[in-house]
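Please read these numbers as outputs of a predicted model, since none were measured by experiment. A, B, ... follow the sequence lines: proteins, then strands. Residue 1 opens every chain.
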Protein chains: 2
Amino acid sequence: MAYGNALACLADPTRRRIFERLRSGPAPVGIVARGLPVSRPAVSQHLKVLKEAGLVNDRPEGTRRVYYIDPDGLGELRAWLDQFWTAALESFKQEIEAEAPNRARRKP
Amino acid sequence: MAYGNALACLADPTRRRIFERLRSGPAPVGIVARGLPVSRPAVSQHLKVLKEAGLVNDRPEGTRRVYYIDPDGLGELRAWLDQFWTAALESFKQEIEAEAPNRARRKP
DNA sequence: ACTTACGGTAAGCCATGGCTTACGGAAATG
DNA sequence: CATTTCCGTAAGCCATGGCTTACCGTAAGT
């Protein structure tokens with residue numbers, strides 16, 4: 001149920017912006033914070049949560065830590081969504097079929 | 001930015017359970033509430049949010065309303081994730097390459 | 001028409017969590 | 001060794017939102 005954590009992470013707008021920033025390549029905390037309307041500690045806390053969810057990873061580089069996207073968490077999320085996708089289409093198809101010829105089904 | 005609403009919706013555990021319940025087929029509110037540890041009004045409120053996010057839709061059937069999964073919201077979410085997927089792999093690949101031969105890059 | 005079943009809405013309570021400021025620690029630089 | 005830079009953590013404030021109970025509208029059954 002790791003996709004739950006991933007979903008909870010990406011639900012926050014600020015965390016999404018951080019995540020999208022990292023999409024264009026690895027970056028240290030300060031650089032990420034620059035360009036966001038929140039303080040640097042806030043970004044640090046967000047990155048911690050993102051890391052615990054398996055969505056990012058980090059690597060020390062001198063006095064700074066470079067963060068980058070980790071495909072693991074993203075993969076689980078994708079798998080969960082895909083598993084949903086087919087069932088959703090099936091259910092929706094049944095629904096359409098039940099809705100259109102409805103006039104002849106309820107009270108002939 | 002509709003995927004933001006969809007993510008916020010699916011971030012809630014109860015809402016996920018409702019959504020997963022609907023995956024096995026359309027169901028009225030009462031049936032969904034039965035089997036969940038929350039009250040029926042709570043389920044009603046959740047379904048309202050899910051509907052506003054384009055994740056579910058409903059159809060009146062006598063005195064009850066049948067809810068079913070709407071592929072629209074799910075599709076947007078999927079598109080957003082996919083757009084992320086390739087970039088994530090790319091970034092991660094660069095990261096791996098930057099990490100392994102690191103000893104020879106920093107201080108020769 | 002009366003009753004029953006079903007579900008949406010309102011008001012209110014309370015926990016969760018995101019943000020800030022302040023502090024402390026580690027690594028490069030001189 | 002001193003200084004500067006960069007980052008993580010702690011404490012605290014406050015808004016958000018999820019849940020409950022209570023109420024009302026609507027549709028079917030008798």
S.K.: I need the Leu77(B) CG to Asp72(B) CG distance, nearest 0.5 Å.
M.R.: 12.5 Å

S.K.: What pairs of residues pass the ring-ring contact (aromatic ring centres under 6.0 Å, His included) test when at least one of them lies in residues 21-64 of chain A, not counting sequence neighbours?
M.R.: none

S.K.: Once each nucleotide of nucleotides 4-18 of chain D is scored for protein heavy atoms under 4.0 Å, what B/S/- sequence comes out, 5' to 3'?
M.R.: -BBBBBB-------S

S.K.: Out of curiosity, Arg16(B) CZ to Leu7(A) CG, how far, rounded to the nearest 0.5 Å?
M.R.: 5.5 Å

S.K.: Taking the axis from the first five pairs and the axis from the last five, what angle separates them in the helix from dA1(C)-dT30(D) to dG30(C)-dC1(D), rounded to 10 degrees?
M.R.: 30°

S.K.: With no hydrogens and no angle check, is any side-chain donor or acceptor of Arg40(B) less than 3.5 Å from a backbone partner on Ala33(B)?
M.R.: no

S.K.: Find out whether Trp80(B) and Glu20(A) are in side-chain contact, i.e. whether some heavy atom of one side chain is under 4.5 Å from a heavy atom of the other.
M.R.: yes

S.K.: So, do Ile69(A) and Phe84(B) sit near enough that their side-chain heavy atoms are less than 4.5 Å apart?
M.R.: yes

S.K.: Consider side-chain hydrogen bond (donor to acceptor under 3.5 Å, both in side chains). Of Lys48(A), Arg64(A), Lys51(A), which one does Asp58(A) pass it with?
M.R.: Lys51(A)

